[in-house]
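One structure is given here, and the rest of the page talks about it.
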Amino acid sequence: MSTPKKLYIKTYGCQMNVYDSERMVEALGGSGYVETSTPEDADMILLNTCHIREKAAEKVYSELGRMRVLKEAKPDLKIGVAGCVAQAEGAEIMRRQPLVDLVVGPQSYHRLPQLEATTRSGKRALDTDFPEDDKFETLRHRPKAARGPTAFLTVQEGCDKFCAFCVVPYTRGAEVSRPADRILEEARDLVDRGVREITLLGQNVNAYHGAGEGGDWSLARLIRALDGIDGLERIRFTTSHPNDMSDDLIAAHGDCAKLMPYLHLPVQSGSDRILKRMNRNHTADEYLRLIDRIRAARPDILLSSDFIVGFPEETEEDFTATLDLIRAVEFGQAYSFKYSTRPGTPAAERAQLPDDVMTDRLHRLQALLAQQQRRVQDSMVGRDVSVLFERAGRMPGQMVGKSEYLHAVHVEDATATLGQIARVRITASGTNSLAAVMA
Ligand code: 5AD
Ligand code: SF4
């Protein structure tokens, strides 16, 4: 048997890219590749990229610059760019970086074996199509790698919302939901391979409406079906849009035992004027009332969100409204960004705010969010939570996992093993994690 070729894949951006990278490894497995964690060993390097903000996209070019030495040392090395930067700037990448052999978009990576063969014949390959054949179907029966107790599972992809700042509708394409039976099949297979927790992924995951028995299934219906899979202990989903939080899905948070009490629900801004300019199609008050309904169904739910500061025309008053919304909700987790102009999006045409104004607002917003996160994390001390053990800790006998609320928890006297879920008592709240002992 010939020695396997080695594939090094570096993943940027969101969790869906993590999922896609796993599928790319499976796709190239058929061409004789095994994954390596050292780029120096690789016969092929793939960068699975993110285009969401300018900084994320820039990383690709600097990383490619660093690859030059590797390619000089090993002329046979193939270098590929995948993901959303590939989709948005594929031809430009080829022009700017002669050392790139291959460009593949997020909807065509099931064709990697053919593209790789093209590069082996000395040609460059570019594929940023939105093909009719579906990557999920093509890769459905590829041999799968061993894995840990948690997994991502893409159920929906793309977005039809067209928020004025966002590239996703252009890079990932229109909203498409996978059929329910395929998702359930993939979930069962993951559970058979030791997975205990599945995070359902979609850019607009709560808009899921995949074909299923008796017609289109909602995300709530899918979650209820997953809830019935023996051996699957935890279900999460991300990312949701406030306008797609159906009554059914809210109710599932109250009565579906395996659905974890954590919800990432980006709001972006607390100003109605800015929300309108962002094309978010809801007001701050509607968001707050939605939060009330979710908390009525599941009082202990931990809420997370995304914020953009310095969106074009954001005034100090608009920004204050965002701080007010944050104070009204009390988030346990949050991600916040300075607005970044993305070519091709409607907001890119509008006047930008000075960078120092954006930086100042970001600092103030993050200070408030950090206080809230601290309060929520500290409030866990003395409570019993359940932890899914994901890895051994640094200290002997210590194990690390996540609570239902997605807090990292270090358990000092862990008797449970990797992949098990145990009840623990939180004893202290540290910088980025909680400490606990077996309950
Ligand atoms: N600038 C800054 N942040 C952005 N996001 C999306 N597009 C932009 C942009 N142009 C943020 C949003 C989104 C998260 C994934 O990234 O907050 O929810
Ligand atoms: Fe990045 Fe968005 Fe693409 Fe995910 S979908 S890789 S966050 S641009």
Side-chain angles (χ1 to χ4, degrees), residues 11-20 48-59 83-85 87-89 106 152 154 156-173 175 199 201-207 237-245 263-271 274-275 277-282 284 287 290 303-314 318-319 322-323 325-326 329 331 333-355 357-363 365-366 369:
T11 308
Y12 301 84
C14 65
Q15 294 152 322
M16 193 174 285
N17 269 6
V18 176
Y19 178 88
D20 288 340
N48 192 8
T49 62
C50 174
H51 200 245
I52 197 86
R53 284 168 293 274
E54 195 180 354
K55 258 198 200 135
E58 270 171 6
K59 279 188 199 152
C84 292
V85 180
Q87 189 62 44
E89 310 180 0
F152 296 127
T154 295
Q156 176 280 335
E157 211 178 336
C159 182
D160 296 338
K161 295 271 190 302
F162 291 92
C163 298
F165 49 81
C166 189
V167 288
V168 168
Y170 313 96
T171 56
R172 288 273 168 179
E175 219 177 279
T199 302
L201 298 182
Q203 272 87 31
N204 236 304
V205 71
N206 58 342
F237 60 89
T238 197
T239 290
S240 299
H241 191 288
N243 291 354
D244 291 313
M245 278 314 286
L263 180 66
H264 182 59
L265 198 60
V267 64
Q268 316 295 357
S269 168
S271 153
I274 295 298
L275 286 167
R277 282 172 165 68
M278 286 177 163
N279 194 31
R280 292 290 291 177
N281 281 310
H282 66 77
Y287 183 84
L290 175 60
L303 292 163
S304 160
S305 197
D306 289 341
F307 298 91
I308 295 177
V309 301
F311 187 76
E313 299 170 45
E314 184 189 72
D318 293 319
F319 175 68
T322 303
L323 297 180
L325 178 139
I326 293 171
V329 174
F331 291 98
Q333 175 65 267
Y335 305 88
S336 48
F337 315 97
K338 283 198 258 186
Y339 170 69
S340 168
T341 306
R342 306 314 290 130
T345 59
E349 310 296 320
R350 305 178 197 164
Q352 309 298 308
L353 261 58
D355 191 61
V357 173
M358 290 204 261
T359 305
D360 172 63
R361 288 183 191 164
L362 186 66
H363 288 159
L365 180 103
Q366 289 183 338
L369 288 167

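Residue numbers count from 1 along this sequence. Counting starts at 1 for both ligands and their atoms, following the listed order.
Against a heavy-atom cut-off of under 4.0 Å, D306 is close to the following atoms of ligand 1: 13 (C), 14 (C), 15 (C), 17 (O), 18 (O). Each of the following atoms of ligand 1 lies closer than 4.0 Å to a heavy atom of K338: 1 (N), 2 (C). With ligand atoms numbered from 1 in the order given, ligand 1 contributes 12 (C), 13 (C), 17 (O), 18 (O) to contacts under 4.0 Å with heavy atoms of Q268.
For residues 334-353, the pairs satisfying salt bridge (charged side-chain N to carboxylate O under 4.0 Å, His left out) are K338-D355, with sequence neighbours left out.
Heavy atoms of F337 found under 4.0 angstrom from ligand 1 belong exclusively to the side chain.
In this pair, Y287 and F331 present their aromatic rings tilted. The plane angle is within the 30 to 60° band.
Between the side chains of Q333 and H264, not a single donor N or O lies within less than 3.5 Å of an accepting N or O.
In this structure, N206 contributes its side chain and D244 its backbone to a donor-acceptor pair below 3.5 Å.
The shortest N or O to N or O distance between R53 and ligand 1 is under 3.5 Å. Between F165 and ligand 1, an N or O atom pair is found at a separation short of 3.5 Å.
Judged by a 6.0 Å distance limit and a 45° cone about the ring axis, R53 is positioned over the six-membered ring of F337.
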